[in-house]
2 protein chains.
Amino acid sequence: MADVARHAGVAIGTVSNTLNNPDKVSESTRRRVLASIAELGFVRNDAARSLAAGSSTTVGLVLADLDNSFFVDIARGAESLLRQHGMNLLIANTDVDPAREQRNLELFEESRVAGILIAPTPWVAPRLPAVRSTPLVYVNAEPIDALHSGVVVDERQGGYLAARHLIDLGRTRLAFVGGPFLLNAVAARHEGALRAVAESTGVTLETIETRGVNIPHGRQAARDIVDGGAGRFDGVVAASDLLAIGCIQVFDEQPGFNVPADLAITGYDNNHFVSESATPVSTIAQPGEEMGRVAAQMLINQIVEPGTALPRTVALVPHLIARRSTLGEAWRRD
Amino acid sequence: MADVARHAGVAIGTVSNTLNNPDKVSESTRRRVLASIAELGFVRNDAARSLAAGSSTTVGLVLADLDNSFFVDIARGAESLLRQHGMNLLIANTDVDPAREQRNLELFEESRVAGILIAPTPWVAPRLPAVRSTPLVYVNAEPIDALHSGVVVDERQGGYLAARHLIDLGRTRLAFVGGPFLLNAVAARHEGALRAVAESTGVTLETIETRGVNIPHGRQAARDIVDGGAGRFDGVVAASDLLAIGCIQVFDEQPGFNVPADLAITGYDNNHFVSESATPVSTIAQPGEEMGRVAAQMLINQIVEPGTALPRTVALVPHLIARRSTLGEAWRRD
DNA sequence: TCACATTCTTGAAACGCTTCATTCCGTTGC
DNA sequence: GCAACGGAATGAAGCGTTTCAAGAATGTGA
């Protein structure tokens with residue numbers, strides 16, 4: 001910067017001003033300085049900048065799982081809102097590893113980002129951070145302390161919608177496939193399904209707990225169902241799209257057995273690919289981008305006027321997308 | 001830090017040493033300092049740190065498209081290697097927007113990261129950065145100047161493998177579906193397919209150019225094929241998995257027409273979900289994680305001993321994964 | 001006991017920017 | 001012609017670390 005000042009024949013402070021407060025510098029001077037900057041290929045040192053200014057313009061997002069399109073949606077939503085406010089988003093991937101999550105949090109805290117967004121790994125709420133000094137908002141998880149705000153999706157409502165949908169289609173013997181139940185999300189979806197069942201007469205729901213929410217777990221659950229007599233159920237509420245796909249794969253292998261005629265299935269998540277899978281899966285879509293935007297907005301509020309807004313967690317509602325796995329031939333792509 | 005020093009009754013430099021050169025500090029002092037740090041909740045200011053030290057321990061990755069699992073694999077690979085070297089990875093998503101790409105590059109440059117990895121948006125190689133001062137390695141793209149290194153995948157070889165596979169299965173009337181051809185990757189895959197055809201006698205290949213590589217483009221191309229007489233071809237080399245899926249969707253709607261019996265199809269990318277789609281798609285898998293690792297390694301070399309290694313770009317080879325869209329019933333999951 | 005080597009500590013000088021009280025200088029008003 | 005004014009430009013004082021020469025403390029051998 002000193003070089004630029006010398007080259008342009010101005011003071012160091014003037015260079016700083018043309019970069020940060022252009023209106024405090026006369027047109028001619030500004031042009032001269034900008035020319036020098038270009039000529040010398042000067043790049044402002046942000047470490048020095050944020051040290052001196054005591055503020056940063058970037059927000060960190062600690063993300064549990066980049067493989068899950070839901071989280072990517074969150075990132076996209078957050079980024080778009082931040083950009084509107086002239087801020088930037090940096091993402092640190094955690095790969096569902098609590099240690100890395102912790103490390104990334106510290107990293108952002110040390111680098112004095114303006115704020116932190118965290119979409120934590122689901123099945124471990126323990127001593128996350130003691131992020132005291134940096135504004136922080138949880139996404140897709142309840143804050144673990146009363147100090148922070150959060151944005152969640154109403155999982156119970158999602159489970160309700162899925163079961164309700166099946167019931168509305170005339171299904172009465174339902175199974176809930178999902179687990180483990182210590183995942184809060186799974187438990188909540190289950191509760192929602194139960195509520196829908198309780199509301200209706202003559203509808204039963206049996207719970208089949210799985211050890212995870214991926215395709216192999218779904219296949220296993222479906223095999224168990226088939227072994228116990230495939231006719232026991234006419235509807236399945238799966239706790240994830242992958243579970244649903246696993247189930248469908250197995251059911252499709254049963255001769256004379258048809259999804260959804262004999263058994264309708266709902267998934268959960270609206271994974272980007274479920275609409276293209278063997279049998280396009282009816283699913284509960286979570287408003288990922290909206291969650292990202294809302295969370296970013298809450299974070300910005302905290303950044304611009306700290307201590308003003310009380311911590312609160314807002315719950316957004318998911319919605320149902322019906323496809324062939326429940327509607328059958330009646331469903332057409334697009 | 002001054003607070004910590006005072007609280008622990010030591011000099012400021014000693015605090016710094018217990019953080020950065022623990023072995024230069026006596027056991028007892030170190031313990032006392034660490035205790036004070038914990039008690040005061042001190043968090044090192046990384047801006048000041050990297051300003052004073054003149055070095056950083058984080059690497060920035062500018063990613064074109066987080067929705068594409070291939071890019072996520074790259075990130076994962078890079079991160080794992082960097083972590084082995086005690087470095088951290090921060091990701092900036094570009095969403096295939098050149099302006100944001102440029103901005104993110106500047107951002108990383110200003111924050112004086114140790115190095116930058118860039119997986120650029122494909123169809124625009126123009127004046128990316130003039131990143132002069134920061135080590136930079138391209139991933140999945142040829143460097144646009146002779147100054148930087150890059151890691152690419154041999155697309156030509158991929159196209160060759162796909163066509164070769166079909167030919168080995170006895171297919172002789174091939175179509176190449178993909179476009180636009182100004183995408184280097186598409187053009188290279190096409191060339192590879194042509195080479196495989198040229199090697200074999202009695203095999204023909206017709207090119208059907210599309211305007212993109214997504215599912216709708218594939219559907220459109222398949223409709224064109226059907227309109228011209230579905231029997232013209234017995235094999236399709238698609239330039240992407242999404243194209244292949246689009247084609248399959250349309251072909252499956254044709255009565256009495258069977259994939260792969262009547263028409264075998266290969267995709268490209270090994271998108272995470274193609275193995276679960278209607279007809280699991282044979283595909284060319286790109287070594288995303290390996291690319292990330294290799295690129296990170298090249299970057300680290302440049303960081304630790306700048307100017308030593310000459311710029312070079314290494315090409316990794318893709319491989320074929322055969323599934324039902326070419327093997328038919330012979331193929332089993334797992 | 002003393003000289004000397006070794007291990008710890010210390011504190012001040014950077015690092016490259018922003019900020020802000022001052023100074024400069026060309027205008028305006030009387 | 002002079003005082004008062006205000007927009008531009010200045011430059012030195014931080015910002016919170018690391019680094020490193022120099023000093024203090026401790027240990028060793030004769």
Side-chain angles (χ1 to χ4, degrees), chain A residues 1-37 40-58 86 106-114 132-134, chain B residues 1-37 40-58 86-88 106-114 132-134:
Chain A
M1 201 151 175
D3 292 345
V4 174
R6 201 174 313 126
H7 186 274
V10 299
I12 245 180
T14 303
V15 177
S16 174
N17 273 334
T18 114
L19 250 28
N20 304 313
N21 311 77
D23 38 330
K24 289 194 174 179
V25 178
S26 74
E27 173 70 19
S28 65
T29 308
R30 192 191 324 154
R31 259 210 287 272
R32 200 147 32 91
V33 171
L34 290 178
S36 296
I37 287 179
L40 299 181
F42 166 76
V43 176
R44 186 226 267 93
N45 182 330
D46 191 64
R49 187 192 111 82
S50 62
L51 175 58
S55 78
S56 160
T57 172
T58 101
E106 288 168 0
L107 206 66
F108 279 136
E109 218 183 345
E110 288 187 358
S111 64
R112 295 292 192 276
V113 291
R132 324 147 125 85
S133 45
T134 310
Chain B
M1 201 151 175
D3 293 344
V4 174
R6 200 173 315 124
H7 186 274
V10 299
I12 247 182
T14 303
V15 177
S16 175
N17 271 335
T18 114
L19 249 28
N20 305 312
N21 311 78
D23 39 330
K24 289 193 173 177
V25 178
S26 73
E27 172 72 18
S28 65
T29 308
R30 192 190 327 155
R31 259 209 287 272
R32 200 147 32 91
V33 171
L34 290 178
S36 297
I37 286 180
L40 299 181
F42 165 78
V43 176
R44 187 225 267 88
N45 182 330
D46 191 63
R49 187 190 111 83
S50 61
L51 174 59
S55 77
S56 160
T57 173
T58 101
M87 312 195 73
N88 302 99
E106 288 168 2
L107 206 68
F108 279 136
E109 218 183 344
E110 287 187 359
S111 64
R112 296 292 192 275
V113 292
R132 326 145 124 84
S133 44
T134 311

Expressed as a whole number of angstroms, how long is the span from [X]:[atom1] to [N]:[atom2]?
X       : N       : atom1 : atom2 : result
L51(B)  : dG16(C) : CG    : C1'   : 5 Å
R112(B) : dG16(C) : CZ    : P     : 9 Å
M1(B)   : dT10(C) : CE    : P     : 13 Å
N17(B)  : dT19(D) : CG    : C1'   : 9 Å
I37(B)  : dG16(D) : CD1   : P     : 16 Å

If we ignore hydrogens and angles and just use 3.5 Å, is the side chain of S36(A) paired with the main-chain N or O of R32(A) as donor and acceptor?
yes

Is S16(B) close enough to dT17(D) that one of its side-chain N or O atoms is under 4.0 Å from OP1 or OP2 there?
no

Would you indicate, yes or no, if dT18(C) has its OP1 or OP2 atom less than 4.0 angstrom from a side-chain nitrogen or oxygen of R44(A)?
yes

From C-beta outward on A53(A), which listed nucleotide comes closest to its side chain: dT19(C), dG16(D), dT18(D)?
dT19(C)

Can you figure out which of dT17(D), dT18(C), dT10(C) approaches the side chain of A52(B) most closely?
dT17(D)

DNA chain C-proximal residues of residues 19-32 of chain A, any heavy atom under 4.0 Å:
N20(A)

Nucleic acid contacts of residues 6-15 of chain B, taken as heavy-atom distances under 4.0 Å to DNA chain C:
V10(B), A11(B), G13(B), T14(B)

Minimum-distance pair of heavy atoms, taken over all atoms of M87(B) and A114(B):
CE-CB, 3.7 Å

Output the distance between atom OG (S16(B)) and atom CZ (R44(B)), rounded to the nearest 0.5 Å.
8.0 Å

